[in-house]
Amino acid sequence: MDATKSVTKCTPRSKRWASWALVATAFSMVTAFQCAPITTGGARTSIRATLEGALPVAATSAGWSVTYEQALLSVDTIRWHTGNPVYEARARTQQRRARDWMRYFSVGTAYAHPGHYTPGEALADTAPLRVFDLLGAPTQLGIIGAVTGTSNSASLQLRPADAARVAGTALGANNTLRVQGTASKEGVTVRFRAELPDAIDIDGSPAHGEITADGATEFRVVIDLGAWIDRADFSTLANVSAGSDGVVDVPATAQVRNALFRGASNGAAYRFAVRVPNMGQ
């Protein structure tokens with residue numbers, strides 16, 4: 001047999017398939033690399049942190065101006081990780097929707113998988129196990145054990161508080177958070193109050209900062225109270241009678257209650273920033 005007849009010809013179609021196979025392989029390698037846990041090999045150190053609430057600075061997306069009277073939150077644990085933040089990734093992905101999908105093959109953006117969070121290595125954690133008054137002054141979380149490395153994200157466990165934990169606060173036992181305030185829109189004013197008994201896990205909030213060996217790193221944890229009630233439509237409480245104190249207790253099945261749960265479960269409402277010395281933060 002003529003040897004030239006046994007050689008397989010590479011047609012344009014097979015070339016195209018080979019090119020796509022190479023692209024797919026490269027993409028999978030980039031994705032696997034950037035989603036893998038990172039090992040810092042860090043040295044033992046410590047960090048400090050404060051926790052506080054941030055009041056709404058504008059009307060909600062539903063057009064309501066809200067003034068808080070109470071905002072209480074039961075926090076079990078807070079952890080810092082090396083993994084990339086999922087909520088920041090979602091925001092970036094939404095901004096790129098109109099762009100060419102091929103840009104996802106870029107090393108700079110391949111890590112951003114909406115809805116997927118890989119924590120990576122845990123760098124620091126603390127277990128406050130207490131109820132925080134988010135309308136008060138920032139609360140010191142004390143000295144927190146840590147290892148050196150680059151923090152990129154954080155997680156929080158928000159849990160219902162038992163009777164001992166809620167003692168001295170307005171939060172009802174077996175609830176995770178409580179809000180009370182006044183919502184106003186186009187001449188309509190509603191005083192409302194709501195508590196959530198749900199356990200809430202916040203995974204993948206942005207928490208960028210370098211944890212240094214000298215123990216000088218301090219994070220400021222800010223909870224956006226505007227984000228908690230941004231989707232609440234207080235007009236849906238029109239048929240709910242107020243109590244003797246003039247406050248409407250939001251029913252468990254109300255739209256406002258559901259919006260509050262969704263807002264409090266949104267990792268974008270929890271912001272971590274490194275406090276810069278002598279900058280008045």
Side-chain angles (χ1 to χ4, degrees), residues 47-56 66-80 122 124-145 154-183 190-203 205 219-230 232 234 237 240-267 269-272:
I47 64 172
R48 293 180 180 272
T50 60
L51 187 146
E52 63 189 279
L55 292 171
V66 177
T67 301
Y68 272 93
E69 299 169 18
Q70 292 178 345
L72 302 170
L73 179 65
S74 174
V75 180
D76 266 30
T77 62
I78 305 174
R79 295 186 176 94
W80 286 257
D125 67 84
T126 182
L129 301 174
R130 60 173 293 183
V131 175
F132 290 88
D133 179 1
L134 300 181
L135 301 188
T139 302
Q140 294 282 345
L141 299 180
I143 298 175
I144 301 168
S155 61
L156 300 90
Q157 288 185 332
L158 313 177
R159 294 291 184 268
D162 59 19
R165 192 183 299 187
V166 302
T169 76
L171 181 66
N174 303 315
N175 285 291
T176 299
L177 67 84
R178 174 188 177 95
V179 295
Q180 181 173 317
T182 301
V190 180
R191 290 192 68 202
F192 66 93
R193 175 170 51 225
E195 292 188 325
L196 295 183
D198 310 85
I200 298 173
D201 289 313
I202 304 298
D203 293 317
S205 290
F219 279 88
R220 183 184 180 206
V221 185
V222 181
I223 300 175
D224 185 353
L225 297 175
W228 275 12
I229 42 79
D230 186 63
F234 294 96
L237 300 177
V240 182
S241 299
S244 58
D245 58 357
V247 181
V248 174
D249 285 300
V250 178
T253 58
Q255 186 275 345
V256 172
R257 195 267 187 201
N258 182 58
L260 174 61
F261 172 75
R262 290 179 177 274
S265 302
N266 183 356
Y270 303 82
R271 304 194 297 266
F272 291 68

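For the single chain, residues carry numbers from 1 onward in sequence order. None of the values given here were measured: they were computed from a predicted structure.
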| said: Which residues pass the side chain to side chain contact (heavy atoms under 4.5 Å, CB included) test with A194, not counting sequence neighbours? | reply: V179, V250, L260

| For Q70, what residues pass the side chain to side chain contact (heavy atoms under 4.5 Å, CB included) criterion, not counting sequence neighbours? | A170, R178, Q180

| task | Go through the steps to decide whether W228 and L177 satisfy the test side-chain contact (heavy atoms from CB on, under 4.5 Å), and finish with yes or no. | result | CA-CA 11 Å; W228 275 12; L177 67 84; 4.1 Å; yes

| said: Between D76 and R130, does any side-chain N to carboxylate O distance fall below 4.0 Å? | reply: no

May I ask you to decide if [Y]'s main-chain N or O and [X]'s side chain share a donor-acceptor pair within less than 3.5 Å?
X: Y270; Y: A264; result: yes
X: T50; Y: P138; result: no
X: T182; Y: R191; result: no

| request: Starting from the C-alpha separation in whole Å, work towards a yes-or-no answer on side-chain contact (heavy atoms from CB on, under 4.5 Å) for V131 and L73. | output: CA-CA 5 Å; V131 175; L73 179 65; over 6 Å; no

| task | Evaluate salt bridge (Lys or Arg N to Asp or Glu O under 4.0 Å) for E69 paired with R193, printing each intermediate quantity in order. | result | CA-CA 9 Å; E69 299 169 18; R193 175 170 51 225; over 6 Å; no

Could you tell me which non-hydrogen atom of [X] sits nearest to which non-hydrogen atom of [Y], and how far apart they are?
X: A161; Y: S74; value: CB-OG, 3.6 Å
X: P160; Y: P197; value: CG-O, 3.2 Å
X: S205; Y: G267; value: OG-O, 2.7 Å
X: A269; Y: A227; value: CB-CB, 3.7 Å
X: G172; Y: V166; value: O-CG1, 3.9 Å

| field | Heavy atoms of other groups near I143 CD1, more than 12 under 6.0 Å | value | no

| Does the pair R79 and Q157 meet the rule for a side-chain contact (heavy atoms from CB on, under 4.5 Å), with working shown? | CA-CA 9 Å; R79 295 186 176 94; Q157 288 185 332; 4.1 Å; yes

[Y] side chain reached by [X] side chain, heavy atoms, under 4.5 Å:
X: L51; Y: L134; value: yes
X: F261; Y: N266; value: no
X: L225; Y: L135; value: yes
X: I78; Y: L141; value: yes

| query | Can you list the steps and then say if T77 with T126 is a side-chain contact (heavy atoms from CB on, under 4.5 Å)? | reply | CA-CA 6 Å; T77 62; T126 182; over 6 Å; no

State the [atom1]-[atom2] distance between [X] and [Y], to the nearest 0.5 angstrom.
X: D133; Y: T139; atom1: CG; atom2: OG1; answer: 7.5 Å
X: I47; Y: I144; atom1: CD1; atom2: CD1; answer: 4.5 Å
X: L156; Y: I200; atom1: CG; atom2: CD1; answer: 10.5 Å
X: I202; Y: I223; atom1: CD1; atom2: CD1; answer: 9.0 Å

| query | Residues in ring-ring contact (aromatic ring centres under 6.0 Å, His included) with Y68, at least two apart? | reply | none

| query | Does F234 have any ring-ring contact (aromatic ring centres under 6.0 Å, His included) partners at least two apart in sequence or in another chain, and if so, which? | reply | W64, F192

| field | Inter- and intrachain pairs under side-chain hydrogen bond (donor to acceptor under 3.5 Å, both in side chains), touching residues 167-177, at least two apart | value | N175-E195

| field | Pair listing, side-chain hydrogen bond (donor to acceptor under 3.5 Å, both in side chains) test, anchored in residues 253-263, at least two apart | value | D198-R257

| message | Tell me whether the rings of F219 and F272 are parallel (<30°), tilted (30 to 60°) or perpendicular (>60°). | response | perpendicular

